[in-house]
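Keep in mind that this is a model prediction, so the values were computed, not measured. A, B, ... follow the sequence lines: proteins, then strands. Residue 1 opens every chain.
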There are 2 protein chains.
Amino acid sequence: MSETTPPLGRRERKKAATRQALADAALRLFLEHGYDQVGIKDIAEAADVSTTTLFKHFSGKEALVFDEDDDQEAALVAAVRERPDGQSVPAALREHILRTRIDVIADPAFAPFRQLVMGTPALRDYGHRIWMRHETALAQAIAEDTGAPQGDPACAALAHFALEALAVARGQDDPRKALDAAFDLLAHGWHALPGCTRSDP
Amino acid sequence: MSETTPPLGRRERKKAATRQALADAALRLFLEHGYDQVGIKDIAEAADVSTTTLFKHFSGKEALVFDEDDDQEAALVAAVRERPDGQSVPAALREHILRTRIDVIADPAFAPFRQLVMGTPALRDYGHRIWMRHETALAQAIAEDTGAPQGDPACAALAHFALEALAVARGQDDPRKALDAAFDLLAHGWHALPGCTRSDP
DNA sequence: GTAAAAAAGTATAATGAATCAACTTTTATA
DNA sequence: TATAAAAGTTGATTCATTATACTTTTTTAC
């Protein structure tokens with residue numbers, strides 16, 4: 001669906017292996033000693049390459065932790081395009097994010113990784129940034145779906161807020177409940193909330 | 001309203017002067033040559049202080065560009081608390097943000113500054129981060145206003161989205177229109193939009 | 001009014017991420 | 001097989017930021 005498919009040459013195989021060795025070494029060391037306690041040099045040494053080689057594979061220290069997920073964007077767009085009949089766009093996005101980004105991380109096996117990322121500002125920010133990269137693609141998919149013009153501000157807003165909903169949810173005690181609250185707001189608006197007195201149309 | 005009020009000692013006066021000299025020199029140099037072309041050393045020299053002194057006044061290179069606005073948060077909270085009768089929370093926030101963060105910047109005199117910040121990823125991100133710092137205070141103000149419990153996820157979501165609306169608006173051709181679209185979404189929900197077929201309750 | 005404390009500032013060196021330039025080895029291919 | 005492209009290496013270099021140890025200024029308390 002993307003690159004040179006199955007027949008990888010020896011070259012690309014070795015390249016991928018080096019890259020993987022770097023990512024593995026980095027994650028292991030970060031989990032063992034903490035992100036700030038591990039230097040680029042340590043990682044390169046552990047993977048038995050030079051630091052310059054490391055930077056040819058990864059754009060920076062934080063990138064070592066995140067797999068550059070190409071499919072993630074496709075899945076997000078598909079969640080909108082191929083949602084079941086009768087399901088609204090916000091509902092489709094809520095379910096997709098809940099399934100792929102909240103429930104998965106809730107697995108106790110991911111706890112140390114989760115703790116590493118959320119406990120390191122540089123990693124939290126970087127993760128958030130690459131997640132938000134899907135904003136324009138998602139906005140476009142929503143616009144197409146609803147027949148709105150390219151770059152319609154309402155679609156752009158929904159796309160942005162839907163992606164941000166993940167950050168909101170993660171900052172709360174009960175992420176699932178918080179995600180529901182955020183998407184209820186996006187679906188029905190603040191005026192639809194119970195304790196919303198003093199409102200004007 | 002905050003610090004040692006009028007009677008500033010010589011010490012604090014000089015300190016403030018040094019700080020201002022640094023901020024002025026930084027902004028001037030950044031505007032002249034671009035953020036990445038100016039080093040910390042250049043700024044310190046222009047303000048005639050050592051680089052160590054610079055870092056005693058500012059937490060980092062990006063902070064030189066932004067006045068650490070203490071009142072900003074107070075104004076945001078006040079916009080919710082002291083809004084006119086009959087105005088909803090989203091409407092109050094929309095107006096406040098439009099007035100203090102969109103219309104002001106639209107002044108052509110701010111164009112170079114605006115261009116500097118928006119054209120420099122490090123500055124754009126930093127500015128966004130300090131703006132989002134008001135999230136919890138705003139969420140609390142909203143919760144108090146509506147009688148919701150502390151840390152209510154719907155209030156947290158509204159606070160987050162309302163602040164993010166600024167970023168959405170700035171990324172569009174017509175920021176004012178985009179801000180309206182974003183706040184319409186927050187106020188009335190996606191289901192209230194015209195081209196919103198295939199929706200479920 | 002002076003002495004001690006607190007705070008601002010300086011110089012210098014170190015760390016750590018990221019980049020640059022020049023070179024070697026490996027792999028693929030014409 | 002020759003050769004070009006890509007992977008990797010070495011070593012130096014830049015730049016923001018921090019640490020250490022020192023000097024000067026201003027305040028405050030006696």
Side-chain angles (χ1 to χ4, degrees), chain A residues 3-27 29-30 33-66 68 120-126 129, chain B residues 3-27 29-30 33-66 68 120-126 129:
Chain A
E3 34 216 302
T4 15
T5 29
L8 280 298
R10 182 177 2 238
R11 182 121 102 206
E12 345 240 323
R13 231 178 311 125
K14 284 199 175 179
K15 181 175 180 174
T18 304
R19 188 189 160 87
Q20 195 59 44
L22 281 164
D24 289 349
L27 188 56
L29 291 172
F30 289 159
H33 308 108
Y35 183 79
D36 294 316
Q37 273 58 60
V38 178
I40 291 288
K41 222 175 302 180
D42 304 320
I43 300 164
E45 261 174 45
D48 203 40
V49 296
S50 66
T51 71
T52 30
T53 296
L54 186 151
F55 282 110
K56 286 208 176 111
H57 284 275
F58 295 93
S59 57
K61 194 180 176 185
E62 311 93 40
L64 284 155
V65 173
F66 295 93
E68 310 277 5
T120 309
L123 291 180
R124 210 175 44 274
D125 288 358
Y126 183 85
R129 209 172 312 134
Chain B
E3 33 216 304
T4 16
T5 29
L8 278 298
R10 193 190 340 258
R11 182 122 102 205
E12 344 240 323
R13 231 177 311 124
K14 284 199 175 178
K15 182 174 178 175
T18 304
R19 188 190 161 85
Q20 195 57 45
L22 282 164
D24 290 348
L27 188 55
L29 291 172
F30 289 159
H33 308 108
Y35 182 79
D36 293 316
Q37 273 56 61
V38 178
I40 290 288
K41 221 175 302 179
D42 304 320
I43 300 165
E45 263 175 42
D48 202 41
V49 297
S50 65
T51 71
T52 23
T53 295
L54 186 151
F55 282 109
K56 286 206 176 114
H57 285 274
F58 295 93
S59 57
K61 193 180 177 186
E62 312 92 41
L64 284 156
V65 173
F66 296 93
E68 309 278 5
T120 310
L123 290 180
R124 207 171 52 267
D125 288 357
Y126 183 84
R129 208 172 313 134

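Rounded to whole angstrom, the span from the CZ atom of A/R13 across to the P atom of D/dA7 amounts to 14 Å. Counting to the nearest Å, the C1' atom of C/dA7 and the NZ atom of B/K15 are 8 Å from each other. The nearest whole Å value for the distance from the CG atom in A/L22 to the C1' atom in C/dA17 is 15 Å. For the pair A/L54 CG and C/dT19 P, the interatomic distance rounds to 11 Å; values are reported in whole Å. Put simply, NZ on B/K41 is 16 Å from C1' on C/dT10, counting in whole angstrom units. One interatomic measurement links the two molecules: CD1 of A/I43 to C1' of C/dG16, which rounds to 12 Å at whole-angstrom precision. When rounded to the nearest whole Å, the span between CD1 of A/I40 and P of D/dC15 equals 20 Å. Per the geometry, NZ belonging to B/K61 stands 12 Å off C1' belonging to D/dT14, to the nearest Å.
Of all the heavy atoms in B/T18 and B/H57, the pair that sits closest is CG2-NE2, 3.8 Å.
Across the interface with DNA chain D, nearest-nucleotide mapping of B/K14 and B/K56 shows B/K56 to be the residue nearer the 5′ end.
Using a 4.5 Å cut-off on side-chain heavy atoms (C-beta onward), B/R129 and A/D125 make contact.
For the pair A/K61 and A/Y35, the cation-pi test (distance below 6.0 Å, angle within 45°) is passed.
Residue B/T51 is out of contact with every strand shown, counting any heavy-atom pair closer than 4.0 Å. Among the protein residues, A/D36 comes within range of no part of the nucleic acid, since none of its heavy atoms lies under 4.0 Å from any strand.
At the phosphate of C/dA8, neither OP1 nor OP2 sits under 4.0 Å from any side-chain N or O atom of B/H57. Side-chain N/O atoms of B/S50 include one lying less than 4.0 angstrom from OP1 or OP2 on C/dT10. Contact between the side-chain N/O atoms of A/T52 and the OP1/OP2 oxygens of D/dT10 is not found at any separation under 4.0 Å.
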